[in-house]
Novice: 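I have a structure I would like to understand better, so I am pasting it below and will then ask my questions one at a time.
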Amino acid sequence: MMRIKEMEQCLDQATEALAQTEAALNAFKAAQPAIAMLAAYLGSDDWRKDLAADERGLLPPDLKRGVLSEDGIWNLLESNRELLQQMQVLATQGLKDTPEP
């Protein structure tokens, strides 16, 4: 009986983790086009023009302008790349170590 309770806890924990991971993965996948747009924008002529306009005070003061910080986009791109690499390692190891049902 104790083993069944323990296995039920494992099943519940794994079921919840998989549901959360699937939702997060779907959101991550959906964000990839936006991330690609940011990668193309960073350092582009448009980005330079927008930065120059900001430096000349031509943008509204209440306009959010995190994208004009090189570090903001760069850090996001680096985090995205690191997460993709972690997922690749996890998937490779998980497929190797997990028996097929």
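Remember, it's a predicted structure, so these values are computed and weren't measured experimentally. Basis for what follows: all heavy atoms, side chains included, without hydrogens, waters or symmetry-related copies.
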Novice: My understanding is that a hydrophobic cluster links ILVMFWY residues whose side chain heavy atoms are under 4.5 Å apart, including indirect links. Using that, what else belongs to the cluster containing Leu68?
Specialist: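 Same cluster as Leu68: Ile35, Leu38, Tyr41, Leu42, Trp47, Leu51, Leu59, Leu63, Val67, Ile73, Trp74, Leu76, Leu77.
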Novice: For Met7, does the CE atom sit with more than 12 other heavy atoms under 6.0 Å from it, leaving out its own atoms?
Specialist: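 Correct, the count exceeds 12.
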Novice: Quick check for you: to the nearest 0.5 Å, what is the distance between Met37 atom CE and Ser44 atom OG?
Specialist: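 Reported value, rounded in 0.5 Å steps: 11.0 Å.
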Novice: Can you establish whether the number of heavy atoms outside Gln85 located under 6.0 Å from its atom CD is more than 12?
Specialist: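 Count over threshold, so yes.
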Novice: Between the main-chain N or O of Asp50 and the side-chain N or O of Asp54, is there a donor-acceptor pair closer than 3.5 Å?
Specialist: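 Judged by distance alone, no pair lies under 3.5 Å.
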Novice: For residues Gln20 and Glu16, is any side-chain donor paired with an opposing acceptor at under 3.5 Å?
Specialist: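 Yes, side-chain donor-acceptor contact under 3.5 Å.
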Novice: Take atom CD of Glu22 as the centre, draw a 6.0 Å sphere, and report whether it contains more than 12 heavy atoms from other residues, nucleotides or ligands.
Specialist: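 It does not: Glu22 CD has 12 such atoms or fewer within range.
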Novice: I would like to know whether Glu8 and Lys5 meet side chain to side chain contact (heavy atoms under 4.5 Å, CB included); could you show each step before the answer?
Specialist: CA-CA 5 Å; Glu8 277 298 319; Lys5 286 183 180 181; 5.6 Å; no
Novice: Does atom CZ (Arg81) have a neighbourhood of more than 12 heavy atoms from anything else shown, all under 6.0 Å?
Specialist: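 Count not over threshold, so no.
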Novice: Taking only residues two or more places apart in sequence or in another chain, which ones pass side-chain contact (heavy atoms from CB on, under 4.5 Å) with Leu18?
Specialist: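 Leu18 satisfies side-chain contact (heavy atoms from CB on, under 4.5 Å) with no other residue.
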